[in-house]
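To start, the structure itself, in structure tokens.
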Amino acid sequence: MDDVMILRRFDLQGRPSKAPVIKSVIWSPPAPGWIKVNTDGATMGSPGFGGYGGIFRNCRAFVKGCFATPLGQVFAFEVELLATSLAINFAWKYGWHRLWLESDSSYVVQLLSSRSEMVPWRVRQAWRRYIFQISLIDF
């Protein structure tokens, strides 16, 4: 309301912005014996300061582990890629060989589904290791 009052003092017409679209998102558990990890990355601009994280849960929604990492200047795609890569690495390290990974990055999901190597060259060797790891588990 303060913004509207300021605009009126300068004889300007203010238009309220449209309300955001609110989508309901419901988390669904994995099947028994599986671990589900939800990952996400975010930046303030692209490139911008960013970070990523993830949370691992079992079929009863119990948290098995989580991670969060701040980063410096990065691109949005990089943080999404790093989040999924670290999730795969953790699952491998802890012996979780039935992994359901969810990411809001359709490009990263496409890369994983197709086992593509179209990633930045500086992470390509590590990416190949993650692709190898998911080829040996239920993913």
Side-chain angles (χ1 to χ4, degrees):
M1 195 65 187
D2 291 336
D3 292 340
V4 173
M5 297 303 288
I6 292 169
L7 289 172
R8 286 193 180 149
R9 285 189 183 168
F10 289 105
D11 290 325
L12 298 172
Q13 296 295 322
R15 287 189 179 168
S17 61
K18 291 184 180 180
V21 175
I22 299 172
K23 292 183 178 182
S24 177
V25 178
I26 299 171
W27 183 85
S28 58
W34 285 72
I35 296 292
K36 183 175 183 180
V37 59
N38 295 87
T39 63
D40 198 13
T43 60
M44 293 176 60
S46 193
F49 288 100
Y52 61 88
I55 184 167
F56 296 88
R57 291 183 273 197
N58 67 10
C59 64
R60 297 181 62 198
F62 293 146
V63 174
K64 301 292 284 182
C66 56
F67 61 91
T69 306
L71 299 170
Q73 291 282 326
V74 290
F75 289 95
F77 167 70
E78 288 178 290
V79 294
E80 295 285 356
L81 187 67
L82 289 168
T84 56
S85 299
L86 190 59
I88 293 166
N89 196 42
F90 276 144
W92 184 262
K93 178 181 176 181
Y94 292 109
W96 299 328
H97 294 275
R98 294 181 129 189
L99 183 66
W100 174 358
L101 185 141
E102 283 189 349
S103 169
D104 63 352
S105 172
S106 59
Y107 187 57
V108 170
V109 171
Q110 180 183 5
L111 288 172
L112 285 167
S113 298
S114 65
R115 310 297 200 256
S116 174
E117 293 187 9
M118 297 298 296
V119 296
W121 65 269
R122 64 185 171 282
V123 297
R124 191 160 299 142
Q125 186 172 352
W127 183 255
R128 286 178 180 152
R129 183 175 62 248
Y130 304 135
I131 294 298
F132 174 73
Q133 289 171 340
I134 64 172
S135 73
L136 298 177
I137 65 173
D138 291 326
F139 183 76

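It should be emphasised that the depicted structure is a prediction, and the values quoted were computed from it without experimental measurement.
Atom CG in Leu81 sits 7.0 Å away from atom CG in Leu111 (nearest 0.5 Å). Taking CG from Leu82 and OG1 from Thr39, the interatomic distance works out to 10.5 Å, rounded to the nearest 0.5 Å. Note that CG of Asn89 and OG1 of Thr84 are 11.5 Å apart. Values are rounded to the nearest 0.5 Å.
Ser46 and Ala76 make their closest contact through OG-N, 3.2 Å (heavy atoms, listed as atom of the first residue, atom of the second, distance). Minimum heavy-atom separation, Pro30 to Cys59: O-CB, 3.2 Å. Of all heavy-atom pairs spanning Tyr107 and Met118, the tightest one is OH-O, 3.6 Å.
By the side-chain hydrogen bond (donor to acceptor under 3.5 Å, both in side chains) test, Asp138 is found to be paired with Arg98, residues two or more places apart in sequence or in another chain being considered. Under the ring pair (Phe, Tyr, Trp, His ring centres under 6.0 Å) criterion, Phe75 pairs with no residue at all, not counting sequence neighbours. With sequence neighbours excluded, the residues satisfying side-chain hydrogen bond (donor to acceptor under 3.5 Å, both in side chains) with Arg128 are Glu117. Annotation: side-chain hydrogen bond (donor to acceptor under 3.5 Å, both in side chains) contacts of Arg129 (sequence neighbours excluded): none.
The ring-ring contact (aromatic ring centres under 6.0 Å, His included) contacts involving residues 47-67 comprise Phe56-Trp96, Phe67-Phe90, where partners must be two or more places apart or lie in separate chains. Applying the salt bridge (charged side-chain N to carboxylate O under 4.0 Å, His left out) rule to pairs touching residues 56-65 yields nothing, sequence neighbours excluded. Within the structure, the salt bridge (charged side-chain N to carboxylate O under 4.0 Å, His left out) test picks out no pair touching residues 45-56 (sequence neighbours left out). Sequence neighbours left out, the pairs with a member in residues 22-41 that pass salt bridge (charged side-chain N to carboxylate O under 4.0 Å, His left out) are Lys36-Glu102. A ring-ring contact (aromatic ring centres under 6.0 Å, His included) check over residues 119-139, counting only residues at least two apart or in different chains, returns nothing. Identified under the salt bridge (charged side-chain N to carboxylate O under 4.0 Å, His left out) test for residues 75-96, with sequence neighbours left out: Glu78-Arg122.
Under a hydrophobic-cluster definition in which Ile, Leu, Val, Met, Phe, Trp and Tyr are linked whenever side-chain heavy atoms come within less than 4.5 Å, directly or via other members, Val123 and Val74 are assigned to the same cluster. There is a path of hydrophobic side-chain contacts, each under 4.5 Å, that joins Tyr94 to Leu101. By the criterion of side-chain heavy atoms lying less than 4.5 angstrom apart, applied directly or through intervening Ile, Leu, Val, Met, Phe, Trp or Tyr residues, Leu136 is grouped together with Val37 in one hydrophobic cluster.
The other residues sharing a hydrophobic cluster with Val63 are Ile55, where clustering joins ILVMFWY side chains under 4.5 Å apart. Annotation for Trp34: hydrophobic cluster partners, listed by chain and number, are Trp100 (ILVMFWY side-chain heavy atoms under 4.5 Å, direct or chained).
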> Asp104 and Val109: side chain to side chain contact (heavy atoms under 4.5 Å, CB included), yes or no, with the steps?
Replying inline: CA-CA 8 Å; Asp104 63 352; Val109 171; over 6 Å; no
>> The test is side chain to side chain contact (heavy atoms under 4.5 Å, CB included); show your working for Ile88 and Leu112 and say whether it passes.
In response: CA-CA 11 Å; Ile88 293 166; Leu112 285 167; 3.8 Å; yes
